[in-house]
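To keep things clear, I will list the structure first and then write my remarks on it.
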2 protein chains.
Amino acid sequence: MSLECILLAMIREPAAGYDLRKEFAQGARHFWSAELSQIYPTLERMERRGWLKSRRQASQKGPQRRVYRRTAKGAAALHRWLRSEPVMGTERFAYIAQLAYMASLGDLRQTERFLGQLRDCLFRFQKLLEDAEGALAQERPRFPDDLSDEEFHSLLTLRIGIRSLRAKVDACDEGLNLIAARQSRLTKDVPHVPLD
Amino acid sequence: MSLECILLAMIREPAAGYDLRKEFAQGARHFWSAELSQIYPTLERMERRGWLKSRRQASQKGPQRRVYRRTAKGAAALHRWLRSEPVMGTERFAYIAQLAYMASLGDLRQTERFLGQLRDCLFRFQKLLEDAEGALAQERPRFPDDLSDEEFHSLLTLRIGIRSLRAKVDACDEGLNLIAARQSRLTKDVPHVPLD
DNA sequence: CCACGCATGTAATAGGTTACATGATTTA
DNA sequence: TAAATCATGTAACCTATTACATGCGTGG
């Protein structure tokens with residue numbers, strides 16, 4: 001459902017599957033991803049359902065393109081999705097699961113190492129989004145007032161992503177501090193021989 | 001892969017599929033979810049692979065249970081996963097996608113309404129995690145020092161979730177302010193008749 | 001002529017959801 | 001005796017990933 005609606009939204013101007021993948025690799029990469037092998041059959045299905053209409057078209061470079069445009073029915077489906085409540089599909093965070101069960105390794109240094117790696121990944125991702133925000137702000141004397149509506153909505157999504165990532169990076173740092181404290185407690189306070 | 005490893009981690013003590021679902025509905029709900037219809041065949045597959053060993057066992061209440069325990073091979077697979085790098089599977093955020101393309105409704109008030117709803121959802125979720133953290137801290141005079149290793153790792157995951165959610169709630173508030181500013185700009189600064 | 005980017009697709013597999021079927025035991 | 005909870009499972013379907021097949025056109 002979500003993928004179909006995202007594709008509908010991306011086909012503002014007529015577009016081929018190949019174009020849409022670029023969108024997922026660029027503008028939409030921080031909230032969704034899809035490969036060509038998923039995009040092509042999905043577009044076909046949507047055409048069968050009457051949400052899209054395709055025609056073959058010669059390309060400047062390479063073979064013929066199949067270019068899709070939205071139908072009125074497709075636009076209606078898109079607007080239904082956009083006006084519906086926020087879709088909070090059960091998100092899955094494998095790295096949090098790893099952290100949650102890492103106690104069973106019985107070695108806090110593993111957790112420390114893991115949190116460090118996680119911090120780095122998240123920070124790199126944060127920088128990526130900050131760059132995207134910077135690109136939006138560039139050459140705009142009245143930022144964010146002089147953004148187009150599309151750009152303004154991009155900004156809103158970037159702000160959520162950036163703040164969330166910064167917070168996660170901070171939480172990793174906090175976790176590393178908690179581990180350091182816990183480790184020093186283990187070497188200092190806990191006697192090796194039980195007190196009985 | 002991740003689901004299998006999470007199940008392995010959950011089967012610290014021998015457990016039946018029915019028990020494991022409760023874990024997903026309680027302790028693990030903020031980073032993963034799984035239904036019984038997925039859990040049962042996954043456990044079977046893992047047993048065929050030699051990661052688990054099951055035996056039927058009478059229950060206090062209701063029909064016979066099929067109780068699984070980890071094999072040495074299963075424990076090895078779990079430890080490989082825990083020692084591997086953070087698994088950053090391409091996360092999908094449908095609600096961010098909705099926001100990203102909401103410009104095509106051509107009505108900022110829709111975006112305003114949506115951000116308000118989103119804020120509420122995220123805030124409720126934040127409260128849930130804060131309650132879980134509170135339950136960990138309760139009755140612990142030396143919190144977080146007197147947590148078991150398992151509880152300490154739970155705390156680490158809760159801290160990441162709580163900080164991230166707080167940040168997203170703040171970003172929604174920021175977005176609502178930006179929209180207010182943008183709307184007042186539209187009614188004040190932009191002339192209804194183009195200048196030229 | 002070869003590598004690269006353009007362009008469309010198929011096949012096999014894995015991961016996940018929804019709905020349904022079955023039946024035991026306990027509690028109101 | 002009806003409802004709730006315990007307990008296991010199947011079937012159909014949808015969503016997503018990985019690997020592979022095919023072929024055009026341009027630039028080095």
Side-chain angles (χ1 to χ4, degrees), chain A residues 1-8 14-26 28-29 31-49 51-52 54-68 77 81 87-94 97, chain B residues 1-8 14-26 28-29 31-49 51-52 54-68 77 81 87-94 97:
Chain A
M1 200 66 234
S2 287
L3 173 63
E4 294 181 358
C5 294
I6 291 169
L7 289 172
L8 275 175
Y18 198 79
D19 302 326
L20 297 168
R21 198 217 12 202
K22 280 184 216 151
E23 262 303 298
F24 283 111
Q26 291 161 21
R29 77 190 170 300
F31 56 81
W32 209 272
S33 77
E35 292 306 314
L36 281 172
S37 57
Q38 194 185 3
I39 292 170
Y40 285 124
T42 303
L43 290 173
E44 269 182 53
R45 196 193 324 139
M46 287 163 75
E47 182 165 24
R48 282 198 301 274
R49 201 183 296 154
W51 289 5
L52 295 176
S54 79
R55 57 179 74 164
R56 301 204 137 264
Q57 197 175 287
S59 153
Q60 282 81 15
K61 223 180 152 165
Q64 275 211 317
R65 295 155 58 78
R66 180 178 294 280
V67 175
Y68 289 90
W81 180 66
V87 177
M88 315 285 279
T90 22
E91 281 125 33
R92 287 173 168 84
F93 300 93
Chain B
M1 197 69 235
S2 287
L3 173 63
E4 293 179 359
C5 292
I6 290 170
L7 289 171
L8 275 174
Y18 197 80
D19 301 326
L20 297 168
R21 198 216 15 198
K22 280 186 218 150
E23 262 303 297
F24 284 110
Q26 289 161 22
R29 79 191 169 296
F31 55 83
W32 208 272
S33 77
E35 292 305 315
L36 282 172
S37 56
Q38 193 185 4
I39 292 170
Y40 285 125
T42 304
L43 291 172
E44 269 182 52
R45 194 194 324 140
M46 287 164 76
E47 181 165 27
R48 282 198 301 276
R49 199 185 296 153
W51 287 6
L52 295 176
S54 79
R55 60 178 73 163
R56 300 203 135 265
Q57 199 175 287
S59 152
Q60 282 81 15
K61 220 179 155 165
Q64 274 211 319
R65 296 154 57 79
R66 180 178 295 279
V67 174
Y68 288 89
W81 179 67
V87 177
M88 313 285 280
T90 22
E91 282 128 30
R92 287 173 168 84
F93 298 95

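Below, all heavy atoms of this structure are taken into account, side chains as well, without hydrogens, waters or symmetry copies. Chain A is the first sequence line, chain B the second, and so forth, proteins listed ahead of strands; every chain is numbered from 1.
- A side-chain donor-acceptor contact under 3.5 Å links A:R92 to the backbone of B:S33.
- Applying the 4.0 Å criterion to OP1 and OP2 of C:dT8, one finds that A:R66 has every side-chain N and O outside that range.
- In this structure, the side chains of B:E35 and B:Y40 stay at 4.5 Å or more apart for every pair of heavy atoms.
- For B:S37 against C:dT18, a side-chain-to-base donor-acceptor contact under 3.5 Å is present.
- Toward the 5′ end of DNA chain D lies the nearest nucleotide of B:Q64, the other residue of the pair B:Q64 and A:R45 mapping further downstream.
- For C:dG15, the OP1/OP2 oxygens have no side-chain nitrogen or oxygen of B:R92 closer than 4.0 Å.
- Distances shown here put every side-chain N or O of B:R65 at or beyond 4.0 Å from the OP1 or OP2 atom of D:dT5.
- For the pair B:I39 CD1 and D:dC6 C1', the interatomic distance rounds to 15 Å; values are reported in whole Å.
- As a whole-Å value, the separation of A:L36 CG from D:dA21 P is 17 Å.
- Backbone-only contact: B:A16 has heavy atoms under 4.0 Å from sugar-phosphate atoms and none from a base.
- Between the CE atom of A:M1 and the P atom of D:dC13 there is a distance of 18 Å, rounded to whole Å.
- Contact annotation: the side chain of B:I39 never approaches that of B:L3 to less than 4.5 Å [non-hydrogen atoms, C-beta and beyond].
- Looking at heavy atoms from C-beta onward, A:L8 lies out of side-chain contact with A:E4 at the 4.5 angstrom threshold.
- Contacts of B:R29 classified as salt bridge (charged side-chain N to carboxylate O under 4.0 Å, His left out), with partners at least two apart in sequence or in another chain: none.
- Of the candidates D:dT15, C:dT17, D:dA16, C:dT17 carries the atom nearest the B:Q38 side chain, counting heavy atoms from C-beta on.
- Comparing B:R56 and B:R21 along DNA chain D, the residue whose closest nucleotide (by nearest heavy atom) sits nearer the 5' end is B:R21.
- Remark: A:Y40 is in phosphate contact with C:dT8, judged by side-chain N or O atoms under 4.0 Å from OP1 or OP2.
- We find that CD of A:E44 is positioned 6 Å from P of C:dG9, with the value rounded to whole Å.
- Between the CG atom of B:L20 and the P atom of D:dA7 there is a distance of 12 Å, rounded to whole Å.
- Each of C:dG15, C:dC6, C:dG23 was ranked by its minimum atom distance to the side chain of A:P63; first place goes to C:dC6.
- Between the C1' atom of D:dG9 and the OH atom of B:Y18 lies a distance of 14 Å, rounded to the nearest Å.
- Computed from coordinates, the A:E35 CD to C:dA14 P distance equals 18 Å when rounded to whole Å.
- The nearest whole Å value for the distance from the CD atom in B:E23 to the P atom in D:dA7 is 15 Å.
- At the heavy-atom level, A:T90 lies under 4.0 Å from the strands shown only through sugar-phosphate atoms.
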